[in-house]
Amino acid sequence: MFHSTLTTFLLVVPLAVLTYAFDTFSEELLLKPLGNDHLYAHFQFATKWDTDPEQESFRHTHMFPRALGEIVARYNVQELHVSLTAGLWMYETWGYPIMDAAPGAELWVWFKEDTENVDKNWKELASSLSGLLCASLNFIDKTNSINPEYTFKPRGAVSSPTINSTFVRYSSLPREIVCTENLTPLKKLLPCEAKQGLGSLLNAGHIYNTRYHSMAIHMRPICRDSSCESVSLELQQSVSLVYDLLILEAKHWSFRKLFGQGVIGRCVLAETATIYVDTTNNESVPFQLKPDPDEYVTSFRGGYVHTYAKYDVQSYVMSLNANYLGKNKVVLNSPPAIYANQYITGYGQERGGIVTTIYNNHWSPLDVVFLQNIPWYVPIYLHTLKIDAGGVRIEPTRIHYIPGRQRERPYHLEVLVKLPARSITSLSIDFDYVFLKWQEYPPDANHGFYIGSAVVSTILPLARNYTGLPQDGSTISDSFNASRSGYLVQMRTESTVITLPTPDFSMPYNVICLACTVVALAFGPLHNITTKRLILIVKDNEHFIVKLKNKVVGIWTRRTSE
């Protein structure tokens, strides 16, 4: 009996080792000083699993989180992209982030081509992710979801050369608030959680004091080699933070000031654990790093040179300090090649408009794709769409428009347009304010209703202010010396707030208070009358006569004595 059990164990263990020997995990941290006394910190956790996503059931995993894998397998997901963001990324002064995200919650998913009911899987997937990430993604349904035609293409490997946009869904919840209850589930998806490695720096007490923080999960199939004969599964988990050094009361920064503590050792499951500090502008605004870096890395990308100080995370507690030398200097950042803003026009509560301004600082024209997901309670009119640059009317290259339907689907607008060189282009469209049913107003109806961010996509010929990951890369180190013919940029604008005609919800409150007061005043006497018993008390006549007799005798006695 013992011999057979030992033989089975010896046969099973090598198979398990062979099965799990093809997954790797890496963690990276990039620290980049920004203009106006800001510091950008980006955590990148990448897991690569050499398994076939079409055949994998996710019942047995090693470093890939099983909770997420079961959701992906159940709803037939090919690519998953979800982000939770608080704050707004300032493109004009900060450049481009490594991973862009819209304020609030954003989710876009590609389903496999054999999915029978995409809308049903989309709704149930959002509800499952809501429970996994402790977010309000369960409010995503067909009333606020669209299937973009041009904006969101597959980021990973695809089996068919033709792309069918009916299998992609996109939605955003701009009002979603990001807090500690979202960070804890994200840390639990890491192989070492927050016990070791760079995940130990994700201290909620310090993260949520930043100007901008964003958490994201991206899953996709990728090619194992250039021939792409076999496919692997890639999972990227990221946390992006922007610190205001003025709030920290000193321009000098350290791990203790930023995260409250140092790195608690190295994650034993991580193949690489690296910290990068951008020292490109160290000559104009010099700062000294302690301890000294292990090496300096120079990256040539898209016509621009960047230098980084590299640290390998060790098995012991590690910290990092940066002390600025000399007087504080102001760094004049050159604006990025393209960025955008969005705002609301109009007055009153009858008619209004949405205007998106796109700034093209490049010396040549740029082709952009503009996407707007407008709620059904903001009816827009396509004939009012105007595109002009410097007072000159521009005709769009292509328009993809799906009108909304009240309480069923939102308004879907995608515009392909060529921006003139060094121009400011505005896209405007008018809408009406509508009346909602009284049950459709939120508890704080006077706060307003949100319109999600517009998404502007383009291909940049140069990598100025660009730090994004390449299409075929999953780590920060993959972006070093990764020059390409073009660089994909997707920018999210501000989310706007409008005030719909709102009933006076205080009137029912006043009526309720008045009615309750009247009932309370009337209830007391009626209750006393109907529940208490009335008893007639008979007075004692003899006792009354005795008292009267004594009183008369007393008066007669006083008069006699006088």
Around atom NZ of K142, are there more than 12 heavy atoms from other residues, nucleotides or ligands closer than 6.0 Å? no
Any salt bridge linking E234 with R220? Criterion: basic side-chain nitrogen under 4.0 Å from a carboxylate oxygen. yes
So does R224 pair up with E229, basic N to acidic O under 4.0 Å? no
K153 atom NZ: more than 12 heavy-atom contacts under 6.0 Å: yes
side-chain contact (heavy atoms from CB on, under 4.5 Å) between L88 and R211, intermediate numbers included: CA-CA 8 Å; L88 179 66; R211 285 282 303 275; over 6 Å; no
With a sphere of 6.0 Å drawn around CZ of R398, does it hold more than 12 non-hydrogen atoms of other residues, nucleotides or ligands? no
Taking E124 first and then R74, would you say they form a salt bridge - that is, a charged N and a carboxylate O separated by under 4.0 Å? no
Pairing of D367 and K418 as salt bridge, 4.0 angstrom limit: yes
Does this structure show an ion pair linking D100 with R492, if we count only N-O contacts that are shorter than 4.0 Å? yes
Between Y170 and F152, what is the ring plane arrangement, given parallel below 30°, perpendicular above 60°, and tilted in between? parallel
Is the number of heavy atoms from other residues, nucleotides or ligands within 6.0 Å of OH (Y433) greater than 12? yes
Pair H362, Y359: side-chain N/O donor-acceptor within cut-off below 3.5 Å: no
Test: E70 and R59 ion pair at under 4.0 Å: no
Parallel, tilted or perpendicular, judged at 30° and 60°: which one describes the rings of H81 and W108? parallel
Side chains of T357 and N341: is there a donor and an acceptor less than 3.5 Å apart? no
Are I374 and I380 packed together at the side-chain level, in the sense that at least one heavy-atom pair is separated by less than 4.5 angstrom? yes
